[in-house]
Amino acid sequence: MNTMANFTRHYPRKAEIRYWQEKGYCLDPTPRAPSLDESWGEEEIGGLLVIEIEKIKARGFDAILIGGLTNMMAYAWFIAESRGLQVLHARGRKGTDGYVITAYSRLLSPSSLAA
């Protein structure tokens, strides 16, 4: 089973952890996306993400789960993939039993998206 770091800012619910297990990923629930200061520039944000993703890689994870489609997640996708990590993103909705993942994607390598 692949190990996946939670590169979001929230703890996943038990149903989300089970969902990923069914897909072949053991999701570590610890939120690992860093807090950012709104005064930081893009270079500072990118530098912090490099540090955090290198920690994830050093701990032996195979993949990261990103959340939120912000500049930070775009950078995380590029940085993680360039270090050999799979990058996954889930889509879902709130249901009667809480948040339900409806689909997921393993993101392509940014380098394969040449114009």
Side-chain angles (χ1 to χ4, degrees):
M1 184 169 291
N2 292 305
T3 57
M4 183 163 51
N6 176 16
F7 204 75
T8 71
R9 299 195 24 91
H10 71 279
Y11 283 93
R13 293 168 184 89
K14 289 182 182 182
E16 294 173 77
I17 293 171
R18 280 193 309 272
Y19 175 89
W20 288 111
Q21 286 174 338
E22 292 169 4
K23 303 299 181 195
Y25 293 92
C26 179
L27 176 61
D28 181 313
T30 305
R32 296 180 188 274
S35 296
L36 303 177
D37 186 303
E38 291 183 16
S39 68
W40 293 351
E42 300 303 306
E43 289 182 20
E44 291 168 297
I45 293 169
L48 178 60
L49 295 179
V50 167
I51 292 167
E52 295 304 316
I53 290 172
E54 286 181 348
K55 288 179 191 176
I56 288 168
K57 181 71 176 174
R59 289 186 175 118
F61 285 99
D62 302 305
I64 65 169
L65 174 65
I66 63 171
L69 299 176
T70 63
N71 60 338
M72 185 170 84
M73 290 303 131
Y75 300 156
W77 168 35
F78 180 81
I79 294 164
E81 191 280 331
S82 72
R83 282 154 177 78
L85 294 167
Q86 299 172 40
V87 180
L88 294 103
H89 182 265
R91 291 179 295 283
R93 59 178 166 68
K94 288 186 178 183
T96 56
D97 295 327
Y99 184 79
V100 177
I101 296 174
T102 57
Y104 79 97
S105 299
R106 179 174 173 194
L107 301 181
L108 298 172
S109 165
S111 62
S112 70
L113 300 176

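Note that the structure is predicted; figures quoted are calculated from it, not measured. Along the sequence shown, residues are numbered consecutively beginning with 1.
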A.B. asks: Quick one: closest heavy-atom pair of Ala33 and Met72, and the distance?
C.D. replies: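 Minimum heavy-atom separation between Ala33 and Met72: CB-CE, 3.9 Å.
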A.B. asks: Any chance CD of Glu43 has more than 12 other-residue heavy atoms, nucleotides or ligands included, within less than 6.0 Å?
C.D. replies: no
A.B. asks: Tell me if a side-chain donor or acceptor on Glu81 pairs with a main-chain N or O of Phe78 at a distance below 3.5 Å.
C.D. replies: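 Such a contact is absent between Glu81 side chain and Phe78 backbone.
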A.B. asks: Taking atom CG of Leu27 and atom CE of Met1, what is their separation to the nearest 0.5 Å?
C.D. replies: 11.0 Å
A.B. asks: Quick one: do Leu107 and Leu88 satisfy side-chain contact (heavy atoms from CB on, under 4.5 Å)? Show the steps, please.
C.D. replies: CA-CA 6 Å; Leu107 301 181; Leu88 294 103; over 6 Å; no
A.B. asks: Taking all non-hydrogen atoms of both residues into account, name the closest pair between Pro34 and Phe7 and its distance.
C.D. replies: CD-CZ, 3.8 Å
A.B. asks: Please report the interatomic distance CD(Glu44) to CD(Glu42), rounded to the nearest 0.5 Å.
C.D. replies: 9.5 Å
A.B. asks: If you measure from CG on Leu49 to CD1 on Ile79, what distance do you get to the nearest 0.5 Å?
C.D. replies: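 Atom-to-atom, Leu49:CG and Ile79:CD1 are 5.0 Å apart.
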A.B. asks: For residues 54-68, run the donor-acceptor check on the side chains, cut-off 3.5 Å, and write out each pair with its distance to 0.1 Å, sequence neighbours left out.
C.D. replies:
from: Glu54; atom 1: OE2; to: Arg83; atom 2: NE; distance (Å): 3.2
from: Glu54; atom 1: OE2; to: Arg83; atom 2: NH2; distance (Å): 3.2
from: Lys55; atom 1: NZ; to: Glu52; atom 2: OE2; distance (Å): 3.3
from: Lys57; atom 1: NZ; to: Arg83; atom 2: O; distance (Å): 3.2
from: Asp62; atom 1: OD2; to: Thr3; atom 2: N; distance (Å): 2.8
from: Asp62; atom 1: OD2; to: Thr3; atom 2: OG1; distance (Å): 3.3

A.B. asks: What are the two closest heavy atoms between Arg93 and Thr102, and how far apart are they?
C.D. replies: NE-CG2, 3.8 Å
A.B. asks: Identify each donor-acceptor pair in which a side-chain atom of residues 17-26 lies under 3.5 Å from a protein atom, sequence neighbours left out, and give them as a table.
C.D. replies:
from: Tyr25; atom 1: OH; to: Gln86; atom 2: OE1; distance (Å): 2.5

A.B. asks: Hydrogens and angles aside, do Thr8 and Arg32 bring a side-chain donor and acceptor to less than 3.5 Å of each other?
C.D. replies: no
A.B. asks: Over all heavy atoms of both residues, which pair between Pro12 and Pro29 is shortest? Give the atoms and the distance, please.
C.D. replies: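 For Pro12 versus Pro29, the nearest heavy atoms are CD-O, 3.4 Å.
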A.B. asks: Indicate yes or no: at least one non-hydrogen side-chain atom of Arg91 is less than 4.5 angstrom from one of Ile101.
C.D. replies: no
A.B. asks: Would Tyr75 and Trp40 show up in the same hydrophobic cluster when neighbours are defined by side-chain heavy atoms closer than 4.5 Å?
C.D. replies: yes
